[in-house]
Amino acid sequence: MLTINFSPFPYLESNRLLFRPVDGNDVDAVLQLRGNPETMKFIPRPLVQTQEEALAHIAMIQAKIESNEGINWAITLKGSPKLIGVIGHYRIKPEHYRSEIGYMLLPEFHGKGIITEAIDCVLDYGFNVMQLHSVEAIIDPKNAASECVLLKNGFVKEAHLLENECYNGVFIDSVIYSLLKRNYSVTR
């Protein structure tokens, strides 16, 4: 079984981006991300509406890192500490050497290749440091931008689950994309 340890916190770097812990200084940016109906339209979770709720979300992120259950990074542009998005490994299944990757980006940074670059960096960490065998991403089938980014990063469609979740009284579909370590290595 896989052993997970996020201590000390793993800072990451790519061509344009730095990845650091999400902290209390990010409360306004987290509120912008998680409180924006546009950025949350494909994420079946309640909107964060106050700074207190944003701080509680940040505390939850930190607790998951401390317990080695999952890890989130603040995505920042080199030269600026401002959080522009988040990315991480969620729902880690150590017995299966698998995690779920998730990401969000402030709308003004969409369409610039930032998430594609961030996914590649976080996959590199997942496969080569965490020693994962596979990574999955679960998206809303209407989220064409996320599907495009996953395909660019070598993911393949694994399943389309019909009405497998109920959110706010509405049954919604989920699509699972995945990437095996051996296929990630081939695309690099």
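Computed from heavy atoms alone, side chains included, the values below leave out hydrogens, waters and symmetry copies. Numbers here are sequence positions counted from 1.
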> Hey, are the side chains of N36 and P107 touching, using non-hydrogen atoms and a 4.5 Å cut-off?
Replying inline: yes
>> Testing the 3.5 Å rule here: is there a donor-acceptor pair between the side chains of D28 and Q51?
In response: yes
>> Are L151 and L105 linked, directly or through intermediate hydrophobic residues, by side-chain heavy-atom contacts shorter than 4.5 Å (ILVMFWY only)?
In response: yes
> Rounded to the nearest 0.5 Å, how far apart are CG of L123 and NE2 of H89?
Replying inline: 6.5 Å
> Quick one: do V135 and F6 end up in the same hydrophobic cluster if we chain Ile, Leu, Val, Met, Phe, Trp and Tyr together by side-chain heavy atoms under 4.5 Å apart?
Replying inline: yes
> Does the side-chain contact (heavy atoms from CB on, under 4.5 Å) test come out yes or no for R34 and V86, once each step is laid out?
Replying inline: CA-CA 10 Å; R34 306 269 322 176; V86 293; over 6 Å; no
> Side chains of E147 and Y177: is there a donor and an acceptor less than 3.5 Å apart?
Replying inline: yes
>> Between E117 and K78, is the salt bridge (Lys or Arg N to Asp or Glu O under 4.0 Å) condition met? List the steps.
In response: CA-CA 13 Å; E117 185 176 329; K78 286 184 176 175; over 6 Å; no
> Between the side chains of Y184 and N153, is a donor N or O closer than 3.5 angstrom to an acceptor N or O?
Replying inline: no
> For the atom pair CD1 (I75) and CZ (F19), what is the distance rounded to the nearest 0.5 Å?
Replying inline: 5.5 Å
>> Is any side-chain heavy atom of L77 closer than 4.5 Å to one of I114?
In response: yes
>> Check this for me: R91, atom CZ, are more than 12 non-hydrogen atoms of other residues, nucleotides or ligands nearer than 6.0 Å?
In response: no
>> Tell me whether the count of non-hydrogen atoms from other residues, nucleotides or ligands lying under 6.0 Å of NZ in K82 goes above 12.
In response: yes
>> Could you check whether any side-chain N or O of H133 sits under 3.5 Å from a backbone N or O of H96, counting only pairs where one atom can act as donor and the other as acceptor?
In response: no
>> Contact between I71 and F9 at the side-chain level, heavy atoms closer than 4.5 Å - yes or no?
In response: yes
> Are P94 and I92 close enough that some pair of their side-chain heavy atoms sits under 4.5 Å apart?
Replying inline: yes
